[in-house]
Amino acid sequence: PRHTALLSSRAMSKIACPPITYIKGEEMTAYCMELIMKKWINPYIDTSKWEYFDLSCVSRDNTEDKCLHDAVASGAKLKAIFKEPTVTPTEKQKKLLGLKKTWGSPNGAMRKGWNGITISRDTIHIEGMELGFKRPVLFERHAVGGEYGAGWKAVGPGKLTTMFSPADGSAPLKVDERTLPDESSVAVVYHNPLDNVPDLAHIFFARCLEAKVTPYVVTKKTVFKWQEGFWAAMKKVFDEHYLEKFKKAGLLAKVGNELPHLISDAATMQIIRWTDGGFGMAAHNYDGDMLTDEVAQVHRSPGFITSNLIGKAADGSMIKEFEASHGTVADMWEAHKRGEETSLNPLGMVEALIGAMNHAAGLHGGHKELLTFTATMRQVIHKAMVSGKGTRDLCGPTGLTTEAFVDYVAMALDA
Ligand code: NAD
């Protein structure tokens, strides 16, 4: 018989989990998730409604990336997605795996297919264990625009003109004109779409209010004047919908009772100094990428930070993709293949799986039993980590191996 407390109300039958899109990656993290599914999830949870997609390099190569398009379509339909880390193949991996080409990062297709608004990255906290930040740090990274979508050319001396032709057919507009005197320059064009910034603002401020943290909008608008639009859209939503609520909750007392703006270079310093936590930051795409890596580092490990892409379906409902912020842990995979011991901390991935399961529960009318299960699983993992039965990144050389940690938690779940 299985864990009686977990399965009490349904005798010994499994708890039904509503459909989620499960995206499988490869290397060490895929190996570890296989163990976790087998030992922590499958004994208790009926996952027969889940849709699985293999986004390993070989699968993408064999299907000419149809698996990626199918996964994106499934995610748009089911709206709750779990993603394992995936490999974006390099030239070397292309040769090694015999791929037809170096397939691009799947993230762009996902952000586009799910109407990505923001990538939310929050610190994970374990009761009874001090990590980098004492209280939560919430981060909202604009999921679109900026340097990632830039067009560019390497050019010689000459004149560079950037023209804009309005879709309504009205007269073209000169955005910029400049002379490039150097023998060698790089010309770059990018834009920041602003239509979904109000959605990002609502997501960010609602989350900060719930977590009782002070929200900061981070830009370099003092010098990069084009960033004013992001700040203005955030401030408009804040003043109209949240200012009074935040004041009432006492979360703006130290910042002059209005929405604070923080210059991005100052933010890089404050992230190191504000180790008490209790703040949120919202930033442009690339700034968000850099700053959240810094948050992860201060908070001890990329294993202790979530990474959730939030998009919006045509009917206004939220599409949420949950993943760990780290990669496939390739170095441990090599060690594992050589027959050596490894110690992978699975908490970031499991938090993502819990996030997807809980979001699916919310979309399908509650599923209280499922929420109890995920909360218990989290508690059991935390308890193991606090009592010295964690992985080696946490507990040092006496910590457990990848397999022993999975087995230890499986035993505790079964107790
Ligand atoms: P990585 O995050 O996999 O590993 C970086 C370092 O941190 C390694 O030393 C690793 O052992 C350690 N580490 C990471 N997560 C850990 C954990 N949970 N427990 C213990 N130690 C942990 O990054 P990388 O080595 O730069 O990249 C490996 C592969 O992952 C690459 O192929 C890359 O393309 C891919 N990647 C994927 C994603 C994604 O799918 N979201 C993100 C980043 C990298």
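Ligands are counted one by one from 1 in listed order, and the atoms in each one are counted from 1 as well.
- Comparing heavy-atom distances from atom 8 (C) of ligand 1 across Asn345, Asp331, Asp393 singles out Asp331 as nearest.
- With respect to Asp122 and Arg207, a salt bridge is recorded, a charged nitrogen being found less than 4.0 Å from a carboxylate O.
- By heavy-atom distance, the residue among Glu323, Glu26, Glu84 lying nearest atom 41 (N) of ligand 1 is Glu323.
- Between the Lys212 side chain and the Leu209 main chain, no donor and acceptor come within less than 3.5 Å of each other.
- Distances from ligand 1 to the non-hydrogen atoms of Lys83 include at least one value under 4.0 Å.
- In this structure, Phe205 and Leu259 have side chains that are in contact, with non-hydrogen atoms separated by less than 4.5 Å.
- Proximity of atom 26 (O) of ligand 1 to the protein is not indicated, since no non-hydrogen protein atom lies closer than 4.0 angstrom.
- Protein heavy atom at the shortest distance from atom 21 (N) of ligand 1 is Met332 CE, 3.5 Å.
- A salt bridge links Glu334 with Lys337; the closest basic N to acidic carboxylate O contact falls under 4.0 Å.
- Selection from Ala296, Gly327, Pro85 by nearest heavy atom to atom 2 (O) of ligand 1 gives Gly327.
- Contact between Gly303 and ligand 1 is absent, with no heavy atom of the residue lying under 4.0 Å from the ligand.
- Residue contact check: Thr88 has heavy atoms under 4.0 Å from atoms 34 (O) of ligand 1.
- The heavy atom nearest to atom 37 (C) of ligand 1, out of those in Thr342, Val87, Thr328, Thr86, is found in Thr86.
- For Tyr22 and Phe82, the ring centers are positioned less than 6.0 Å apart.
- Contact of the Ile41 side chain with the Met377 side chain is registered, since non-hydrogen atoms from C-beta on lie closer than 4.5 Å.
- A cation-pi contact links Lys245 to Tyr242, judged by a cut-off of 6.0 Å to the six-membered ring centre and 45° from its axis.
- Sorted by first and then second residue, the salt bridge (Lys or Arg N to Asp or Glu O under 4.0 Å) pairs with a member in residues 110-119 form an empty list; sequence neighbours excluded.
- Closer than 4.0 Å to atom 6 (C) of ligand 1 lies none of the heavy atoms of the protein.
- Residue Val329 places at least one N or O, backbone or side chain, under 3.5 Å from an N or O of ligand 1.
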